[in-house]
Amino acid sequence: MIQRETGGCHGVLVTAVHPSAFGQAIGMARRGGTIVFNGLPPGDFPAPIFEIVLKGLTVRGSIVGTRQDLEEALDFYARGKIHPTVSVRELSEVNAVFDEMKHAKIDGRVVLRF
């Protein structure tokens with residue numbers, strides 16, 4: 001659907017530590033796009049090398065924090081110590097969201113509903 005509606009994403013940030021999320025990211029990226037894996041699942045995951053090369057994708061990785069750090073962060077949230085600011089917008093509003101990002105008018109995070 002992402003490919004059909006937008007032609008693919010210029011950048012995909014994967015924060016879900018699961019091999020299927022990594023595969024989905026590659027499918028969502030447009031030609032010349034960049035994928036960043038934040039955290040890594042244990043073991044290996046299959047990568048469609050042919051698709052990565054044909055699309056000219058850049059794949060980067062970052063290991064930030066540990067499972068213990070994640071557990072502590074989730075505990076802070078569960079105890080009401082943090083209150084994330086999140087707004088949900090429709091995919092049709094994506095250009096307005098990018099404009100708001102460009103002009104630093106977004107407070108917190110925006111989630112696009114597909």
Side-chain angles (χ1 to χ4, degrees):
M1 179 170 182
I2 295 291
Q3 290 291 341
R4 183 181 74 238
E5 296 293 327
T6 68
C9 299
H10 291 280
V12 181
L13 172 63
V14 180
T15 59
V17 185
H18 193 279
S20 66
F22 291 21
Q24 289 172 356
I26 292 167
M28 291 172 60
R30 71 172 49 213
R31 184 177 304 279
T34 299
I35 300 168
V36 178
F37 300 133
N38 187 3
L40 299 172
D44 297 328
F45 73 94
I49 301 301
F50 192 73
E51 185 176 3
I52 291 170
V53 171
L54 282 181
K55 284 178 146 181
L57 299 177
T58 299
V59 179
R60 299 185 181 272
S62 174
I63 298 177
V64 178
T66 64
R67 290 182 187 267
Q68 179 65 35
D69 293 334
L70 176 60
E71 186 176 323
E72 290 173 7
L74 292 173
D75 181 60
F76 283 143
Y77 177 77
R79 291 187 290 138
K81 300 288 186 182
I82 58 172
H83 304 281
T85 303
V86 179
S87 62
V88 179
R89 307 275 290 275
E90 298 300 321
L91 182 59
S92 61
E93 299 177 80
V94 69
N95 289 332
V97 171
F98 281 131
D99 189 58
E100 292 167 23
M101 286 173 55
K102 183 177 180 180
H103 294 98
K105 294 183 178 180
I106 294 178
D107 183 26
R109 298 288 184 254
V110 174
V111 176
L112 294 175
R113 183 189 336 249
F114 293 96

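Only heavy atoms go into these numbers, but all of them, side chains included; no hydrogens, no water, no symmetry mates. Keep in mind that this is a model prediction, so the values were computed, not measured.
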**Report entry** Residues forming a side-chain hydrogen bond (donor to acceptor under 3.5 Å, both in side chains) with Asp75, sequence neighbours excluded
**Finding:** Arg79

Query - Those residues that, when tested against Asp99, pass side-chain hydrogen bond (donor to acceptor under 3.5 Å, both in side chains) (two or more places apart) - result: His103

Query raised in the report: Atom OH of Tyr77 and atom CD1 of Ile82: how far apart are they, to the nearest 0.5 Å?
Result: 8.0 Å

Query raised in the report: What distance separates Leu13 CG from Phe37 CZ, expressed to the nearest 0.5 Å?
Result: 10.5 Å

Report yes or no: do [X] and [Y] belong to one cluster of Ile/Leu/Val/Met/Phe/Trp/Tyr joined by side chain heavy-atom distances under 4.5 Å?
| X | Y | result |
| --- | --- | --- |
| Ile106 | Val94 | yes |
| Met101 | Leu91 | yes |
| Leu70 | Phe76 | no |

**Report entry** 4.5 Å side-chain heavy-atom contact, Thr58 and Ile35
**Finding:** no

Query raised in the report: Listed by chain and number, what are the salt bridge (charged side-chain N to carboxylate O under 4.0 Å, His left out) partners of Asp69, not counting sequence neighbours?
Result: none

Requested in this report: Grab the two heavy atoms, one from Val14 and one from Ala21, that are nearest each other, plus how far apart they are.
Outcome: CG1-CB, 3.9 Å

Report summary line: Smallest heavy-atom separation, Ala16 atom then Phe22 atom, equals O-CE1, 3.5 Å

Report task. Sorted by first residue and then second, give each salt bridge (charged side-chain N to carboxylate O under 4.0 Å, His left out) pair with at least one member in residues 46-56; sequence neighbours left out. Result -> Glu51-Lys55

Just distance, no hydrogens or angles: give the donor-acceptor pairs under 3.5 Å from side chains in residues 25-32, sequence neighbours left out.
residue: Arg30; atom: NE; partner: Gly8; partner atom: O; Å: 2.9
residue: Arg30; atom: NH2; partner: Thr6; partner atom: O; Å: 2.7
residue: Arg30; atom: NH2; partner: Gly8; partner atom: O; Å: 3.0
residue: Arg31; atom: NH1; partner: Leu54; partner atom: O; Å: 2.6

Tabulate below the donor-acceptor pairs under 3.5 Å that side-chain atoms of residues 107-114 make, not counting sequence neighbours, or state none.
residue: Arg113; atom: NE; partner: Glu90; partner atom: OE2; Å: 2.9

Requested in this report: Evaluate salt bridge (Lys or Arg N to Asp or Glu O under 4.0 Å) for Arg89 paired with Glu100, printing each intermediate quantity in order.
Outcome: CA-CA 12 Å; Arg89 307 275 290 275; Glu100 292 167 23; 3.0 Å; yes

Query - Positive for side-chain contact (heavy atoms from CB on, under 4.5 Å) with Leu57, one of Ile52, Thr34, Val12 - result: Ile52

